[in-house]
Amino acid sequence: MSDQHLWLKVAESVTPISEDRVQALKRHLNGHVAPVTLNCGAAKPKPKLRTPVNPSAKKPSAPAIPSPLGQFDRRTRQKLTRGNVDIEARVDLHGHTAAHAHSELLRFLVSCREQGKRTVLVITGKGCSPFARHTLHGSDHFHTPERQGRLRRLVPEWLNEYPFRSHVSGFQPAHPRHGGGGAFYVRLRKPGR
């Protein structure tokens, strides 16, 4: 189909506006009358502008957002996937409530980072599902919803939150020898960054 043929089909489908509407639009453009609304859909109300109480007052600045969690380089990813990694510290969150586990995990990560530790193990447990004992190796297996306990589901969300991101550079599920789907390797940022 040529461009000209396509244009003719489009032009046939258009209905011209009335002469009265054309004149009203011309007057509006010249500034003689109030705006004319075309029947092109519902008009959106204009937002009301609010003037600040004290325009010279500055808004409080938000804390600097740390960089997002990065991907591990290929070599580190291979070591973690194979379980060939030296774990410098570990925390076991079994039996903790979500609120207590959140604060305990943050305290643990801050402490480890201050000590210069880089790779730690966070044990969350596998949950109580009938599939919890299956730890086939592969990241897709660990992320299926029916196989996740509550802490196991929440820890990755927490690690992406602001207070954790300033300490954590990345994480991934642990190798079966270190807990499999019930644990995570967490890589900490270098101290002072």
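Hydrogens, waters and symmetry mates are skipped; everything else that's a heavy atom, side chains included, is used. Quick caveat: nothing in here was measured; it's all calculated off a predicted structure.
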Determine whether L188 and T119 make a side-chain contact, defined as any pair of heavy atoms from C-beta on separated by less than 4.5 Å. no
Shortest non-hydrogen contact between L151 and L93, atoms and distance: CD1-O, 3.2 Å
Is the backbone N or O of P163 less than 3.5 Å from a side-chain atom of S166, with the two atoms forming a donor-acceptor pair by type? yes
How long is the straight-line distance from CG of D3 back to NE2 of H5, given to the nearest 0.5 Å? 11.5 Å
Please confirm whether the backbone N or O of A183 pairs with a side-chain atom of R152, one donor and one acceptor, at under 3.5 Å? no
For the pair R90 (side chain) and I123 (backbone), establish whether a donor and an acceptor sit closer than 3.5 Å, ignoring hydrogens and angles. no
Checking R189 side chain against R165 main chain: does a donor-acceptor pair fall under 3.5 Å? yes
Rounded to the nearest 0.5 Å, how far apart are CG of L106 and CG of L159? 10.0 Å
Which label fits H100 and H96: parallel for a plane angle under 30°, tilted from 30 to 60°, or perpendicular past 60°? tilted
I want to know whether F164 and H102 have ring centres closer than 6.0 Å. yes
Is it true that atom CZ of R177 has more than 12 heavy atoms of other residues, nucleotides or ligands lying nearer than 6.0 Å? yes
Minimum-distance pair of heavy atoms, taken over all atoms of P156 and F184: CG-CZ, 3.6 Å
What are the two closest heavy atoms between G83 and H178, and how far apart are they? O-CE1, 3.5 Å
Decide yes or no for V91 and L109: does some side-chain heavy atom of the first lie under 4.5 Å from some side-chain heavy atom of the second? no
Closest non-hydrogen atom pair between K190 and R113, with its separation: O-NH2, 3.1 Å
What pair of heavy atoms forms the shortest contact from P191 to G116, and how long is it? CG-CA, 3.8 Å
Taking the side chain as C-beta and beyond, is there a heavy-atom pair between V186 and V155 under 4.5 Å? no
To the nearest 0.5 angstrom, please state how far the NZ atom of K79 sits from the OG1 atom of T76. 6.5 Å
Check whether any side-chain heavy atom of Q172 sits under 4.5 Å from a side-chain heavy atom of T81, and report yes or no. yes
Smallest separation among heavy atoms of L80 and Y185, with atom names: O-CE1, 3.2 Å
In the structure I gave you, are the side-chain heavy atoms of K9 and S13 within less than 4.5 Å of one another anywhere? no
Can you tell me if D86 has over 12 outside heavy atoms packed within less than 6.0 Å of its CG? no
Find the distance between CZ (R187) and CZ (R118) and round it off to the nearest 0.5 Å. 4.0 Å
What's the spacing between T124 OG1 and R153 CZ if we round to 0.5 Å? 11.5 Å
How far does CZ of R75 sit from CD of Q78, to the nearest 0.5 angstrom? 8.0 Å
